Structure formats: C-alpha cells, structure tokens
Amino acid sequence: MVRYSSPQVSHVRVRFPPSPTGIPHLGNTRTALFNFLFARHNNGKFILRIEDTDRSRLVKGAEDKIKEILNWLDLSWDEFYRQSERLPLYKEKANELIKKGVARKDEGAVRFIIPKGKKISWEDAIGNKKISFKSDDIEDFIILKSDGYPTYHLASVVDDSDMKISHVIRGDEWISSTPKHILLYEALGWQHPIFAHLPVILGPDHTKLSKRHGAESVLDLRDKGFLKEAIINFMALLGWNPGGDREIMGISEMIKLFDLQDINTGSPIFDIKKLEWMNGEYIRKTQNSKLKSQILEFDPKIAQIEKFEQYIPLAKTRMKTLADFRVLVENQKDASLNERQKKLAQELVNAYRKLPEWKSALISTATIGVRDQIGASTQDVYAVLTGRPQGLPFEQKLEIQGQAGTISWLEGVLKR
RNA sequence: GGCGCCUUCGUCUAGCGGUCCAGGACACAGGGCUUUCAUCCCUGUAAUCACGGGUUCGAAUCCCGUAGGCGUCACCA
C-alpha cells in the first residue's frame, strides 16, 4: 500500500505542560515527542508551559531537568510560559465566572458549578471516536484554591485559550477531566481545542510506569548508555505506526510521516529488550568518529585508555549501549586462572617475545600455535589475554594494545 | 462501587468485509559464517484475532452483550 504524508493542518499550536513535581518519565516524554512531531509536521508551534500551581509539591530543580530532557532530545520549544507568573489572568477569569453565576465562593476557594442534566461530548482525535459524559456524574470542582493559585482545570483551560492552542495532545488519564474543561470553555464563551488522548505506556507488569520499572526517565536511559536517536525512535513506535514495516527512522522521517490518525488506541508496554536492540542498531550505523565523541561524552575517563578509538570498529558490533565499550576494551584484572591457563600465559609470553613484528597475522599464528601445543582451548586464550571468557578478536586487540603492553599484562597475570 | 477508555503471537505491531487456516520486528530456539563473543544470513516455535451472540454468501475487520485490564472520581497535575 502506498502511503502519503498526511496533509498539514493550519495554525497548529500545541503544548507540553509538565508540572515541576518530579522528573518526567518515559510516558510523559513520549507525550512531549508526539506534540513536537505534530507541531513540526504541520509547521506549527510547540510550546513549553510549566504548570507550577501546586506550591506544596514543587520540587527544586525539576524545571531544569524537564528542560534538560527536551534539550538533550533536541525537542526545541518555540514559546515558554510559567503559570505562577500568570496569576492575575486566572483570578480575573474566576471572578468572571462568579459574576456569571456559574462559580461560587467556598471557604476561600472558588468552585465551579456543574449544570444539571447536560450531556457533554467531543470527538477525540485518537481513534476518531466520540466520548460523552453526563454532567450529573460530575461534581462541582475547585478552580481557584484558597492560596490564590488556580487548579489545573482552570489554568489549563485559560492558558490553552489565551495561547491559542489548537490541539490538546495529552495522556488519556485526562479523559475523565475533559468534560470539566469543556464546561469551562463554554462558560467562558470559548471554543475548545481538538482533544487527542494518548493511551499511556504501561510497565512490564501492566500497570502505570513508575520508579519500580527501573529506567523511569530519559535521563536515566542516557546514563545507562542509550543514544537519543534510539530512544526517540523507540518511544515514537510505542503506540504509533507510520504504516508498513518501517522501524528504524530518523526524526525528520518521523516528522514527515506523523499523523494522529496512526496512533493506536491500546496501551503499549515498555519492553527494554527492544530498546536495547534498537540502540545496538543505532550504534552500528553510527560513524566511528561520531561514536568516539559519544563514548567520550558518556564516559570521559575512557580517554585514559591508550588508543581507545582504535577499538571502536571492533567493539561496534558487540555493543548494546555505550556502557558496553569499557567492558569490551578493558581487561578484567582480578580473574583467577587455573594451571593450564597459567602455563598458557607463560608460553605466550615466550612466543610473543620472539615475534619479529607485532602484527595481527603473526600474533594470531603464534597464539594458536601455543594454544594447540599445550592443548588449551580458545576460551583459555581469552581468559588469559583479557580475564574474560570472550572478547574482542584477540589478535587485533593485541596489535592495538602493543607488544610491551601485552607482555606486561601477561606477567601481571602470572604473578597472581 | 459510579463513570470512562481499552482488548491480534511473551512484547511492539500490520490488518480498515473476501488476496489472513493472520504478515513484520524484538525476545527465544536451531543452523550457516567464524580461532571466542558479536555482527551478518537462513530456519523454526509462538496469536482458534479476550469470550459469547448476531449482521452478511463471507468477519480479526460491522453491531450487541459478557469478562478482564487500565484510568478517574483532591483546594495534585
């Protein structure tokens, strides 16, 4: 089936509105990604809005972390707002609602009055379905707290209108709040934006993502050695399918293909195995020079390993994450050897000393010769040479490591 | 419990009434390549399309129920 890019929607303005009460997890970050993709696909604006209206739950540094995540992933925003700086606007609207008789004072707070016997419905852009609620099932709710700050409901409606948000793309845990928002839009005489409620990502235990699931934020994944390109690609494909069998896709390709119509209605489950595979795919297709800087950025101390960059082509096909590089390149110093392996080490030292030239072909024949002469196995060779049962192709690794370095390593092994 | 959303291999998904006794990817198993481990290549296991009723010549695809899962019922977002 031939697929075409979906047509552009005009005047698209979307927002990502995290509350600075913690570090966004993968699910929240994917919501940001989808908003970003939608904005860029339609040549619209992507707005970052900090929803800091709950003073008691503010976490210091959270806002910086949110920005760090978006910046690292290159999800750049076009406009920035902070709700705590817009208090007069919310207060004004709350008062307007009181004057209209649709809100009332309640112990220092302001409560919105739900009209009776109304049916509230909207067409949701995810799954193209109509969702409806009865107003009688909803209770009067607070819109302005006694500390003068608005609740999410009032603030988001006022801001989305003020900022001319065209599409509200958010997690589907907001579905049951949406009728409240629609009622507010109506009471204020405004038209509501298009709603798109994304199924949330679940953990392996089929419940909401949480700390228990390990890698809960993109920053944690980054610290484990995952590449942003892989994370973005993986997150995008959780719940979104651009059609066909395409899996490995760059951000520009995603922007070209993104369409709310292609987002699934069911909740996907986060499976780190697939992310690991995808990360490996990205590592393999990254240019060596770029991989070098990524490894250095991830683990600056790698620079202390002599000629480390020469190992990159060898390590590339054996890495799932950037963290794997060190393990591949560095020998295991405290491995214990049996008698046969010690003998192998001794004979190897003798053989290596006699080599006229330190080249992989010569290293290889010498090593295999000793191995067979002693009756050792290839696993023994790796155990002796690296301290691990397997590793980078030894003759190439040894050539890079150098004759002197290799011999002193083996002598160290023999002293244990 | 009320209200709402969801339901195709273990997982991500394709599928929009016939070409599907359901295709791809990850994971897993076996094989090839190979001086290790990988990469790469091939093969395989795995979904009676949650279940039960309809509609139709024909349903994974449409309709209705049931079950299960998830979400939400705060002066949190």
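Protein chains get the first letters and strands the later ones, always in sequence-line order, with residue 1 at the start of each. All figures in this text were calculated on a predicted structure; none of them were measured in a lab.
B:C21 is unpaired under the criterion used here, namely a Watson-Crick or G-U wobble arrangement in which both key atom distances are under 3.5 Å. With a 3.5 Å ceiling on both atom-pair distances, the Watson-Crick or G-U wobble partner of B:A67 is B:U7. Under the Watson-Crick or G-U wobble criterion, with both distances below 3.5 Å, B:A29 is paired with B:U43. Using N1 to N3 plus N6-O4 or O6-N4 for Watson-Crick, or N1-O2 and O6-N3 for G-U wobble, each under 3.5 Å, B:U35 pairs with nothing. Across all strands shown, B:A59 forms no Watson-Crick or G-U wobble pair with both distances under 3.5 Å. Pairing for B:A14 is absent, with no Watson-Crick or G-U wobble pair whose two atom distances lie under 3.5 Å. The partner of B:G1, taking Watson-Crick or G-U wobble pairs whose two distances both stay under 3.5 Å, is B:C73.
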Report all interatomic pairs (protein N or O, nucleotide N or O of nucleotides 61-66 of chain B) with separations under 3.5 Å.
none

Protein-nucleotides 71-74 of chain B N/O pairs closer than 3.5 Å?
unit_1: B:U72; atom_1: OP1; unit_2: A:K208; atom_2: NZ; d: 3.1
unit_1: B:U72; atom_1: O4'; unit_2: A:S176; atom_2: OG; d: 3.3
unit_1: B:U72; atom_1: O2'; unit_2: A:S176; atom_2: OG; d: 3.1

Are any protein N/O atoms closer than 3.5 Å to N/O atoms in nucleotides 9-12 of chain B? If there are, list each pair with its distance.
unit_1: B:C12; atom_1: OP1; unit_2: A:I269; atom_2: N; d: 2.9
unit_1: B:C12; atom_1: O2'; unit_2: A:L237; atom_2: O; d: 3.2

Look for any protein N or O under 3.5 Å of an N or O in nucleotides 31-36 of chain B and output each such pair with its distance, or none.
unit_1: B:U35; atom_1: O2'; unit_2: A:T378; atom_2: OG1; d: 2.8
unit_1: B:U35; atom_1: O4; unit_2: A:E395; atom_2: OE1; d: 3.2
unit_1: B:U35; atom_1: O4; unit_2: A:E395; atom_2: OE2; d: 2.5
unit_1: B:U36; atom_1: N1; unit_2: A:Y382; atom_2: OH; d: 3.4
unit_1: B:U36; atom_1: O2; unit_2: A:G391; atom_2: N; d: 2.9
unit_1: B:U36; atom_1: O2; unit_2: A:G391; atom_2: O; d: 3.0
unit_1: B:U36; atom_1: N3; unit_2: A:Y382; atom_2: OH; d: 3.0
unit_1: B:U36; atom_1: N3; unit_2: A:G391; atom_2: O; d: 2.8
unit_1: B:U36; atom_1: O4; unit_2: A:P393; atom_2: N; d: 3.2

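At whole-Å resolution of the value, NZ in A:K105 and C1' in B:C75 are 13 Å apart. In this structure, CD1 of A:I126 is placed 13 Å from P of B:U7, rounded to the nearest angstrom. Atom pair A:F141:CZ and B:C3:P shows a separation of 20 Å (rounding to whole Å applied). One can place CD of A:E276 at 13 Å from P of B:U39, the figure rounded to the nearest angstrom. Atom-to-atom, NZ of A:K397 to C1' of B:A38 comes out at 15 Å; the value is rounded to the nearest Å. Across the protein-nucleic acid pair, A:M278 atom CE and B:U13 atom P stand 12 Å apart, rounded to whole Å.
Checked against ring-ring contact (aromatic ring centres under 6.0 Å, His included), A:W409 has no partners two or more places apart in sequence or in another chain. In this view, A:S360 and A:E399 satisfy the side chain to side chain donor-acceptor pair (under 3.5 Å) rule, not counting sequence neighbours. A:H167 meets the ring-ring contact (aromatic ring centres under 6.0 Å, His included) test with A:F38; sequence neighbours excluded.
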Pair up each side-chain donor or acceptor in residues 308-320 of chain A with any protein partner under 3.5 Å, not counting sequence neighbours, and list the distances.
unit_1: A:K316; atom_1: NZ; unit_2: A:T286; atom_2: O; d: 2.7
unit_1: A:R318; atom_1: NE; unit_2: A:L314; atom_2: O; d: 3.0
unit_1: A:R318; atom_1: NH2; unit_2: A:L314; atom_2: O; d: 3.4

Which donor-acceptor pairs under 3.5 Å do the side chains of residues 336-344 of chain A make with protein atoms, sequence neighbours left out?
unit_1: A:N338; atom_1: OD1; unit_2: A:R340; atom_2: N; d: 3.2
unit_1: A:N338; atom_1: OD1; unit_2: A:Q341; atom_2: N; d: 2.8
unit_1: A:R340; atom_1: NE; unit_2: A:D380; atom_2: OD2; d: 2.9
unit_1: A:R340; atom_1: NH2; unit_2: A:D380; atom_2: OD1; d: 3.4
unit_1: A:R340; atom_1: NH2; unit_2: A:D380; atom_2: OD2; d: 2.9
unit_1: A:Q341; atom_1: OE1; unit_2: A:N338; atom_2: N; d: 3.0
unit_1: A:Q341; atom_1: NE2; unit_2: A:D380; atom_2: OD1; d: 3.0
unit_1: A:K342; atom_1: NZ; unit_2: A:R416; atom_2: O; d: 3.4

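A donor atom on one side chain and an acceptor atom on the other are found under 3.5 Å apart for A:S84 and A:D52.
Of the two residues contacting RNA chain B, namely A:K145 and A:M319, the nearest-nucleotide position lying further toward the 5' end is that of A:M319.
Nearest to the side chain of A:I131, among B:C75, B:C5, B:A77, sits B:C5.
Taking the six-membered ring where the residue is Trp, A:H181 and A:W174 present tilted rings, their angle falling between 30° and 60°. In this pair, A:W77 and A:F80 present their aromatic rings tilted. The plane angle is within the 30 to 60° band.
Between A:I251 and A:L37, the closest side-chain pair of non-hydrogen atoms falls below 4.5 Å.
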Tell me, for nucleotides 40-46 of chain B in 5' to 3' order, what letter each nucleotide earns: B for a base near a protein heavy atom under 4.0 Å, S for only sugar-phosphate near one, - for neither?
S------
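The residue from A:I142, A:D54, A:T53 that alone fulfils the side-chain contact (heavy atoms from CB on, under 4.5 Å) condition with A:T151 is A:I142.
If you check every strand for non-hydrogen atoms under 4.0 Å, A:K129 touches sugar and phosphate atoms only. Residue contacts shown for A:S19 are limited to sugar-phosphate atoms, with no base heavy atom under 4.0 Å away. Looking at heavy-atom distances under 4.0 Å, A:S146 makes contact with a base.
Remark: the separation of the C1' atoms in B:A25 and B:G18 is 27 Å, to the nearest Å.
Other residues, nucleotides and ligands contribute at most 12 non-hydrogen atoms within 6.0 Å of the CD atom of A:E139.
In this structure, A:K180 is positioned above the aromatic face of A:F141, its NZ or CZ under 6.0 Å from the six-membered ring centre and within 45° of the axis.
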After noting the C-alpha distance and the side-chain angles of A:E281 and A:K285, does the key distance pass the salt bridge (charged side-chain N to carboxylate O under 4.0 Å, His left out) rule?
CA-CA 6 Å; A:E281 289 285 300; A:K285 63 179 235 172; over 6 Å; no
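Within residues 327-355 of chain A, no residue has any heavy atom under 4.0 Å from RNA chain B.
One finds no salt bridge joining A:D159 and A:R15 here, because no Lys/Arg side-chain nitrogen approaches an Asp/Glu carboxylate oxygen to under 4.0 Å.
Residue pairs meeting the ring pair (Phe, Tyr, Trp, His ring centres under 6.0 Å) criterion with at least one partner in residues 326-351 of chain A, sequence neighbours excluded, are absent.
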